[in-house]
Amino acid sequence: MYNAKAYSAASATSPLASTTIPRRDTTEHDVQIEILFCGICHSDLHTVRNEWSSIMPTTYPCVPGHEIVGRVTSVGSAVTGFKPGDLAGVGCLVDSDHTCPSCQANVEQFCHNATFTYNSPDKHLGGVTYGGYSESVVVDERFVLRVPANLDLAGVAPLLCAGITTYSPMRRWGNIKGKKVGVVGLGGLGHMGVKFARAFEAHVVVFTTSPGKKEDALRLGAHKVIISSNAEEMQKHAGTFNFILDTIAAEHDINAYINMLGRDGNITLLGAPEKPLAVSAFALLFGRRSLSGSLIGGLKETQEMLDFCGKNNITSDVEVIPIQKVNEAYERLVKSDVKYRFSIDMATLKTE
Ligand code: NAP
Ligand code: ZN
């Protein structure tokens, strides 16, 4: 075991602050990674503030961060896929049981024994796992991703959660080429959803509450932007969508978006608001529309997504910040004021 510098929250109401945490020594299947960048996902904020207390209560101290990119510093004796100096990525998962039907189907995120990157029981050290707001991490080789060498690393980090979370449901839904696809909320997930939908040659429409994001949405690849408070514009598009991704992080009227779907259309919920959403049965019955959810993606699909991004030069649009600005970044995240993901330059932790 060794000590690593990190940022942690001591309670649901404390700011994140500098600390040291234990990390395990590299065992035979492990890869030790020096973290270069870590994205700030809205799930980090939900967890730090214990907003999901009824489903996944937070254990403190909490070190968030599951959009990790870095460089391998050492590997265990049985590791075959990585060597010191290689680029590496880690997302929301660091372990699973490898034997259950979900693991065998390459959807480890649904394994009942999955270990999440933070706030999950830590099998090695006891307590809970600590995430990527840290100088290093030690992860089983099977949960470490290969990072394409041609991409900007600060913009790669968010692919490990925001990227796979939007890529996976779009792939699962089928071929969206030529389909009318909506992305609700232009934040971290939403802006990646726009990039992927455009890369898959869909007709992409962004729904936003922020008129100031319109130009950016078009630049990111949207064909059209609808300001959701504009009732007339919403009405004009009602019943015309094939598929919608809802990435809103807070309470909202989901029926307004279900009503955008045409017959047999699907809306997939990605956002995880604290409180349950009220769904109108009639909005689903008429038109045989469906509502589903999706959770990140398995390791195989995450690698496929990273390779796709490498080939198509896709990264997240990031605001790179020093770790010392993390609390300010959280305040801006709550106000939907980020273009379009914060990526922490972890070198700034060295001065703590
Ligand atoms: P984010 O960057 O904060 O983006 C969320 C966007 O939702 C905002 O930028 C805003 O877009 C819109 N929004 C926020 N509050 C709203 C409100 N009250 N009414 C309407 N729109 C609102 O967050 P994120 O990191 O993309 O995460 C989004 C959600 O997905 C979070 O709940 C997060 O926990 C969840 N998540 C789920 C998964 C999964 O596997 N399913 C993975 C990662 C994250 P506009 O300004 O354009 O309106
Ligand atoms: Zn996330």
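What you see is a predicted model, and the numbers here were worked out from it, not measured in a lab. One-based numbering, in listed order, for ligands and for the atoms of each.
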Which residues and atoms, protein N, O or S only, are under 2.8 Å from the Zn ion (ligand 2)?
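Counting only protein N, O or S atoms under 2.8 Å from the Zn ion (ligand 2), the list reads Cys41 SG, His66 NE2, Cys161 SG.
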Can you sort out which atoms of ligand 1 are near Ala250, meaning under 4.0 Å from one of its heavy atoms?
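With Ala250 as reference, the close atoms of ligand 1 come out as 15 (N), 18 (N).
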Counting each atom of ligand 1 from 1 as listed, which ones have a heavy atom of Lys213 under 4.0 Å away?
9 (O), 11 (O), 45 (P), 46 (O), 47 (O)
Run the ring pair (Phe, Tyr, Trp, His ring centres under 6.0 Å) test against Phe143 and tell me which residues pass, sequence neighbours left out.
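Only His98 meet the ring pair (Phe, Tyr, Trp, His ring centres under 6.0 Å) criterion with Phe143.
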For Phe200, does the six-membered ring have the charged nitrogen or CZ of Arg171 within the cation-pi criterion, i.e. under 6.0 angstrom from the centroid and within 45° of the normal?
yes
Where's the contact between [X] and ligand 1, heavy-atom distance under 4.0 Å: side chain, backbone, both or neither?
| X | result |
| --- | --- |
| Ser228 | neither |
| Trp52 | side chain |
| Ile296 | both |

So does Asp264 pair up with Arg289, basic N to acidic O under 4.0 Å?
no
For Arg142, enumerate each residue passing the salt bridge (charged side-chain N to carboxylate O under 4.0 Å, His left out) test, keeping only those at least two apart in sequence or located in another chain.
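Checked Arg142 against salt bridge (charged side-chain N to carboxylate O under 4.0 Å, His left out); matches are Asp140.
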Sorted by chain and number, sequence neighbours left out, salt bridge (charged side-chain N to carboxylate O under 4.0 Å, His left out) with Lys83 holds for Asp86
From the list Met234, Lys236, Met260, side-chain contact (heavy atoms from CB on, under 4.5 Å) with Ile226 holds only for Met234
